[in-house]
Structures are given as structure tokens and as C-alpha cells.
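Proteins come first, then strands; the chains are lettered A, B, ... in the order of their sequence lines, and each starts at number 1.
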Amino acid sequence: MTLAHIRSPADEPASYDPVAIERKWQARWEANRSNSPDLVAAPRPFYQLMMFPYPSAEGLHIGNVFAFTGNDIYGRLQRLRGHTVFEPIGFDAFGIHSENYALKVGIHPSELIPRNIENFRRQLRRVGLMVDWSREVDTTDPRYYKWTQWIFLQLLERGLAYKKKAAVNWCPFDKTVLANEQVIDGACERCGTKVEQRLLEQWFFRISDYAGRLLDNLGWIDWSESTKTAQRNWIGRSEGARITFPVVAPGGTEVPVSVFTTRPDTIFGATYLVLAPEHPAVEQIATADRAPDVRAYRERAAKQDVVTRKVTEKEKTGVFTGAWAHNPATGEPIPVWVADYVLMEYGTGAIMAVPGHDARDFEFATKFQLPIRRVVAGPGEGGGTPVDSAAEGDGTIVNSAQFDGMSVSDAQREITSWLVSAGKAAPVVNYRLHDWCISRQRYWGPPIPVIYCDECGIQQVPLADLPVLLPQLDDFRPDDSGVSPLARAADWYRVPCPECGKMARRETDVSDTFLDSAWYFLRYPSTEFDDRPFDADRTKRWLPVDSYIGGNEHAVLHLLYTRFITMVLHDMGHLDFEEPFRKFRAHGMIIRDGAKMSKSRGNVVNPDEYIERWGADAFRSYLMFLGPFEEGGDFRDQSISGVRRFLDRLWMSVQEMTGGGDPDPGVMSKLHQTIRKVGDDTERLSYNTAIAAMMEYMNGLRANERTPHRAEVEPLVQLVAPFAPHIAEELWEQMGHDRAGGIFHAGWPVYDPALVVEDTVEIVVQVNGKLRGRIDGSRDMTAERARELALSDDSIARFVTGTPRKVIYVPGRLLNIVV
RNA sequence: GCCGGGAUGGCGAAACGGGUAGACGCGGAGGACUUAAAAUCCUCUGGGAGUGAUCCCUUGCCGGUUCGAAUCCGGCUCCCGGCACCA
């Protein structure tokens, strides 16, 4: 169904006109600087952070509006509860995304991005967010990225930034470096050419040094469990042992090769060794007759792109080195192979293969006819039971000399300490987390602020010379040199060495966008300071962030990098906290027609159309009503009329309400229940049920065309305020409240516990657990009384034959008679 | 393969320490108002049987615990998301 089929309510003189009201209140908030709190004097600061958007050319996405509205409601609730709420926003405008789009349309990003940002601002303002626009952050602003560069230098100074060679994806046709996401089935997403691997010198951050702490803190931070689990998996802690195998190299020399294993208990079953193709010992140990094959295999592996290299279900390949190692447990000689199923980046880049008890080793051993030995016997199995598939389960140790008969867990401990005391092994903890590569061979990013001097080596750009401005390059296309387009700007990169003054060369790579976004929340409260990234007093008052809400697609990268940078700055004494966000909640995703919204599917929703037709208040409320905020939901444009009707009825209630006489006691009781429920639900982000509760109250308020009383309506307008702020302000003003303050200074209604409880309640009567009737009674009546009442009702009594065996009574709820 | 999250009417969903399954909304049917339509308001709306009060069935499937299970336990099936040759 298209929009044209849905009609909005007809215009009547006194009817609700969202367009006019929203324009009026947005202008007034801006004129009064209502959303710019005094950051210095705030008595009860509350920092409500939303993940800043990447300003795409397509404009604001429905998912952005959903996320920001959910943030805004929470921030507005805190404001109504008396906090000084700071709700900033900014733009994550550097990065390959913007750059690729600029390349496609042939407009320079320095022109395109400000245009997109302007469009985003326009769209965002219409949503009615409580955003402090005076503190906007733009990562492409030199006043911002000066400090991104400063952070790089801080890490460099502390030895947490270093250079090493690493593989990148390279498209030989487009002659450009590709991100992993741009490689589809081993081919370039643009031209389909087979992607290769290239080794480039790149900058890394030692995030792996922080793996243990990043993992441990997950134990206490108040974050969505799903996000914490994702981080735990990503960090990937495993406990095991490093075991050294002596390898006999050609000429008889012994070369020690260490492996990492989580199963030292299976060492008696280790029947061969495998080294990664890049392992430095390979060259040394390969025998003369095997060397050509080994070299050919390594070259083939080196050419493969980074993505397919790691694809699973790939046929195992490998090559024998000709060398033999000694199993340190049995002393027997075992062959040494090279295979690309072993990765240089993990563990030691070498494994002991236990084909009897590891699926990958089993597959490899079967293919190359290597010996397979059982060392763990499951139920009903013995040492002689043949192994027909890798047995990774629990069992009893066999074929392992003095350790036979032990359980796997006992053997794990005993064999490790036996090897350790013999000097052949050490217990180690390994993490899957790799160091963070921050180099990008691209144009649209902050230049990495170092200078290479032939005399003095790597030099930091002095603080006084920051920012290193990104030069305006008309031709910013990546080229086949394997370095950034900035490497073509000789007049930019040729600079004197800050140490000796001789001609030197700037680093021409730029840094990863995730570095821009790893610290932006520190900048917001301090945007007016040009001589420091974040002011100490401001930071003390406002940080860590009180509430952060964002998409779980950032569960590992952004949210992990941010924690890492915060820890580093803490350790250097710049911050007095080491976790950036007190509370983080992941919101769900909005889909449409059961699928992710995308241009190719043609199911993208443009928020502008909906805001024009229904009003921002209705649009906001609908997005929050369509499903649980933390789960997301399916966008259907039919259903928006329901919340719009609710707002119309709210409007009418204020126009019609009377001030005379007393409010209805039943309605007032329901009101206080509603105040409690809306407060509780909003606090735990259960926005859909909060709105449902207000609708339910409205139904009672206007039942049988009754005229509502002012005392019944006024608190409802307050409850609606976080969700639909414009109409709430307007009605609040119409009700004659102080113009200067507005509804967001009026506080949050407080419920009266005495009014929440109803005296007479309906009690459900069951016979043998089946519903047979209902009785009305007081909340605290006795079981005997309830039973009497129930049995006096014939439609219940006829199911009760004879004397009840048992009676279960839940006061105020249920009576169950068992016969 | 591993780790999360799910599965409830025609549809989006609710039930927050086991206690009325389906709140709230959409859609649908009927009615009031209107020359008429829209808007608005009222009634009904999980399925089945019955004239009827009423009865039976129903939360992906199978089983269990319990006076009582959407909820707890065991075993499956399917869907969505993330990670993935991590030793």
C-alpha cells in the first residue's frame, strides 16, 4: 500500500495541526537555547549520548530516526526527572564510505560532505530532538582531527603504536587497496577481478596488550548482554600451553619450534607438526629436495587475497618440508608440514597436529595419509578402537604412558605440569584479538602525524604543528603504488625534519575512521577549547557517559576501540575513569516487509515524507510503538494512523476538558497506575508498552463520550512529553502554564501509591486448573471467604463435586479448587 | 561448526518472581452521524460446536515437572544476527 491511500485527518479549525506546532516549538527551543544546558554549573548532570551518524548522501535513514528518537525519549525523561541533560550530536564524516561515494559521483568530498551534513541537520531538526546544536562535532573539522592526531601521538609515545608489514587486499585492475567488505568471493566488488594479497608497512595499535582488561571489565559494566557476549567472543580468550618441539634441520642442527595448544592432554597423539606458510622457520628447516615445492606453496599462499585465505570448508592443502621433529612426550620422530590452514597471526603460527581429536587435523591427515592415533577413549571405547572421525568429546586418556586412565581434565593439568617441569612447555593464555591496524592507503581521513627522516628515523609532528592538514587534492583516486593518494602530493609530504631540519617525508597514509569515533564523546562537552582535546573540569563533571544507546552492529569494532582508547588515556593520566560508558543499550533494527531496508530492494523509507504527512510527534511515537525498542520491528505505513489518532484524542481532550467539579475516582486510580507504568516502562526502554498504557488510559478517559476533567488530562500531557514533545509543549501552554519554563521544566508526575491499589478486585476461579468463573472481592479477603463466594456461584459450583482435596488461593488474583 | 536472539490471532505485538493468553494498535465486519463520502463515535473481531446460557481446542513440535506452564526442565524443527580453518 502506498502513502496516497492513507488519508490524514481533515482540517478543522480547532484541530491538531502538527506542522504548525512543530515549526513553532522548534523555533522557540532554538531561540531560548532550551537544549543547551549550562555545562559549568549543572547541578545534576546527565550525559545522554547517541551514536553519531555517518552523513550519507542519501540523507537520514529511518534507522537513524529510530535510534535517535529512542535516545531522545530517555534523555527527555531524565530531564523531566530533574537532571540537567546534555544530548549532543555530530557527524562521523571521514572514511572510505564517503570517499567511494565521492569517487562515484565525481564530486570532491570536501564539497560533498558539508552538503550532506547540512541536509542531515535539516532533517534531524525536524525530528524534534533535544539536541544541543551549539556543540556539534564534525570529525573532518581540523579543530577536531587535530586531537585525533594527538591521540595517535599519545599512543606512539607510550609504545602502543608501532609499524609492521601486514597483508592488505589489492585489486590489480582498479589498482587499489580494498577493505575486506569490498572483496566478494575473492574478487573485487567493482570490477570482479581476482583480488591479491599485498604486504605493506602499516601502523598498529597494541590493543591486544589490553585484551585481558577489556575482557575482565565486561564482568561489571552495565551493558546489553548481547553486546558483552559479542565482545567476549571477539576477544576470544583461550587457556592452554606453549610446547616446544625440537626440529632437526638439514645439516643436523636443531631448531626449536613452539606451538600453542588448548589440549596439552592429547600430546601423545600429536603425529605431525604444521607451520603457517609465513612461519620464519620454514626456510631454515626445508630439506634441499623439498625446498622447491615448499617455496612454490608459500608463494601461492602469499598471492591469495586476505579474505579467501580464511574461508572455511576449503579443501586442505599443504606440503611436506622434509624435516622431522621430536614429540617431546614420546620422543618419536614426527614429520613437519606447511599448510595454510595454520594462521601466522594466531598463537605461534605453528601447531601440533592431533588428527585423532581435532577435525581439521583429521581431515588433513586423512588426505595426506599421516598417522592417526587415539589418545582419548569415549564410552565403550579403548586404546585400540580405531578413529573414524575426530573425537573431540570427553573421555579417558589412553595410549599415553603413565597418564592412561585419567580424565581429560586431570590429564590436562598433569601433562602440562609434567612438560613444564621438564622445561618443554609453559602455560599461556592466548587471545584471538589482533592488534588494530589503523593505516589506510586512502585520501579521506586524518593524515597520520609522523615524519620519516633518513637521519633521525620516525619523528612525531610537534604538537605546535598540529593539525597536519589534509591537503586539497583534486585527484584523490587511489593508485597502483599501494600507498595513499597523498604520496603524489610531493609539495605536501616534503617537509623538514622537526629534529635535524634536513628534508624529510611525511607519512602519507591516513588513519582509520574508527579512530575518529573512538573519542568523540570526550570532545562534546569541551568543543570551545582549541588548546586541549577535552577540558579537565568539564570531563570531571560530565563523564563517563551516563547513557549510551546504539546499534549492535558496532558491538565489537567501535565499542571495543572506544574502550581501549579510554583505557589508554586513563593509564596516561588524562582521564580518571577507564570505562567510557556507564550504561550501554543496544537497540533493534527496523526492517520493512520482512527485509533490511536497502536501495536495491526499493523498500527505503524517507522520514521527511512521513513527518510532513503525520507530524514528527506521530512519527516518533509510531517508531517507538511498532515493537520493543531493543528488538526493532517491521515498518508498516498503515499502522502509523493509530498513534496519530491517539494524539488527536489527546488534543481534543485538552480542548474539551472541564475544570469544574471533581475528577472521577476510577479514572484517577487508573491515572496513577498509568503514571507508574509509563515511568517504569520508559526507564527500561520498553517504549511500546509505555505508549500502549497511555492509549489504554485514554480509552477510559474518553469512554462513552464523557468529558474529561482537567486533573485527569494534565498529567497525561506530561507523560506524553518525552515521546511527542511538540504537542506536549503546545497543550501545556494552552493549559495556561508559565511560558518561560515550558513542560520540560514542570517535572515528572508522581503517582500516589494509595490510588494505584484498587479496593475491589476480580479474582479468577479455577477448578482443577481450568478457568470456571470470576468473583469480585476485596484485595485482602481470606481464602475461606473467597471459597464461599465462589461456591455460591452456580456456574462454578457445578464443577465442584464432593469435597475439594485442595484449595490454592493467591490473594487478589486467583482461587483454584482441586477436586 | 560456535555464540547470541527469536517463533504467540489476518498483521505489529502484550503478559517484567509459573496464576484470566492475546493488553494496546493496525486491518476487517456491523451500526450512529451525513444528501453522500471522509473524519469522528459505538459494538463485535483467535479457531471450532451450539438457537442459547455454555462447552471444547489454541502460544513452532514432542515429552516432563506442577493444583496450574507462553513462562521452568529435557529432546527436536525452523527463522534472524554475529563470529568462523583461532589450534
Nearest to the side chain of A:Val342 - B:C16, B:A23, B:A87? B:A87
Separation of B:G12 C1' from A:Glu630 CD (nearest whole Å): 18 Å
Give me the distance, rounded to whole Å, that separates B:U58 from B:G4 when you measure between the P atoms they each carry. 32 Å
How are the rings of A:Phe364 and A:Tyr341 set to each other: parallel, tilted or perpendicular (split at 30° and 60°)? tilted
Under 4.0 Å: is that the gap between some side-chain N or O of A:Arg232 and OP1 or OP2 of B:C2? no
Hey, which of A:Arg563, A:Lys583, A:Gln231 is the one that makes side chain to side chain contact (heavy atoms under 4.5 Å, CB included) with A:Ile221? A:Arg563
Once you apply a heavy-atom cut-off of 4.0 Å, does A:Asn430 come out as touching a base, just sugar-phosphate, or nothing? nothing
If you measure from OH on A:Tyr610 to CG on A:Leu623, what distance do you get to the nearest 0.5 Å? 10.0 Å
What contact category does A:Ser238 fall into here, base, sugar-phosphate, or nothing, at under 4.0 angstrom with non-hydrogen atoms? sugar-phosphate
So A:Tyr346 and A:Phe260, would you call those rings parallel, tilted or perpendicular, with 30° and 60° as cut-offs? perpendicular
Of the candidate nucleotides B:A14, B:C26, B:C85, which contains the atom at the shortest distance from the side chain of A:Lys316? B:C85
For A:Gly627 and A:Arg772, find the nucleotide of RNA chain B closest to each by heavy atoms; which residue's nucleotide sits nearer the 5' end? A:Gly627
Answer yes or no: is there an ion pair linking A:Lys228 with A:Asp222, defined by an N-O contact shorter than 4.0 Å? no
Would you confirm whether the ring centroid of A:Phe723 sits within less than 6.0 angstrom of the ring centroid of A:Phe646? no
Among B:U20, B:A15, B:A87, the one nearest any side-chain atom of A:Thr689 is B:A15
Please determine whether a side-chain nitrogen or oxygen atom of A:Arg702 lies at a distance below 4.0 Å from atom OP1 or OP2 of B:C41. no
Judged by whether its glycosidic angle lies within 90° of 0, B:G30 is anti
Select one nucleotide: of B:C26, B:G19, B:C16, the one nearest the side-chain heavy atoms of A:Lys677. B:C16
From the set B:C16, B:G19, B:A23, return the single nucleotide nearest to any side-chain atom of A:Ala692. B:A23
Would you kindly compare A:Asn233 and A:Arg432 by the position of their nearest RNA chain B nucleotide and give the one closer to the 5′ end? A:Asn233
For the pair made of CD in A:Glu392 and C1' in B:A87, what is the distance, rounded to whole Å? 10 Å
Set out, in order, the CA-CA distance, both residues' side-chain angles and the distance that settles salt bridge (Lys or Arg N to Asp or Glu O under 4.0 Å) for A:Lys670 and A:Glu696, then state yes or no. CA-CA 9 Å; A:Lys670 185 74 184 165; A:Glu696 195 179 335; 3.2 Å; yes
A:Arg644 side chain N/O closer than 4.0 Å to the phosphate oxygens (OP1, OP2) of B:G25? no
So what does A:Val818 hit on the nucleic acid, given a heavy-atom distance under 4.0 Å: a base, only sugar-phosphate, or nothing? sugar-phosphate
If you check the A:Thr229 side chain, which of B:A14, B:U40, B:G4 turns out closest? B:G4
Contact state string [nucleotides 28-33 of chain B, B base, S sugar-phosphate only, - no protein heavy atom under 4.0 Å]: ------
Look at the side-chain N and O atoms of A:Arg649 and state whether any lies under 4.0 Å from the OP1 or OP2 oxygen of B:C41. yes
Here the pair of heavy atoms bringing A:Phe629 nearest to A:Ala67 is CZ-O, 4.2 Å
Less than 6.0 Å separating the ring centroids of A:Phe635 and A:Tyr622? yes
Answer yes when A:Arg684 and A:Asp680 have at least one side-chain N-carboxylate O distance shorter than 4.0 Å, and no when they do not. no
Answer yes or no: is there a donor N or O on one side and an acceptor on the other, between the side chain of A:Arg298 and the main chain of A:Pro277, under 3.5 Å? yes
Side-chain N or O of A:Asn688 less than 4.0 angstrom from OP1 or OP2 on B:A14? yes
Quick note, A:Leu771 side chain, CB onward, closest among B:A14, B:A87, B:A21 is B:A21
Distances under 3.5 Å only, N/O to N/O: pair up the protein atoms with those of nucleotides 68-74 of chain B.
none

Consider the side chain of A:Tyr346, meaning its heavy atoms from C-beta on, and name the nucleotide among B:A13, B:C24, B:A87 that approaches it most closely. B:A87
Just call it for A:Leu814: base, sugar-phosphate, or nothing, with non-hydrogen atoms closer than 4.0 Å on any strand. base
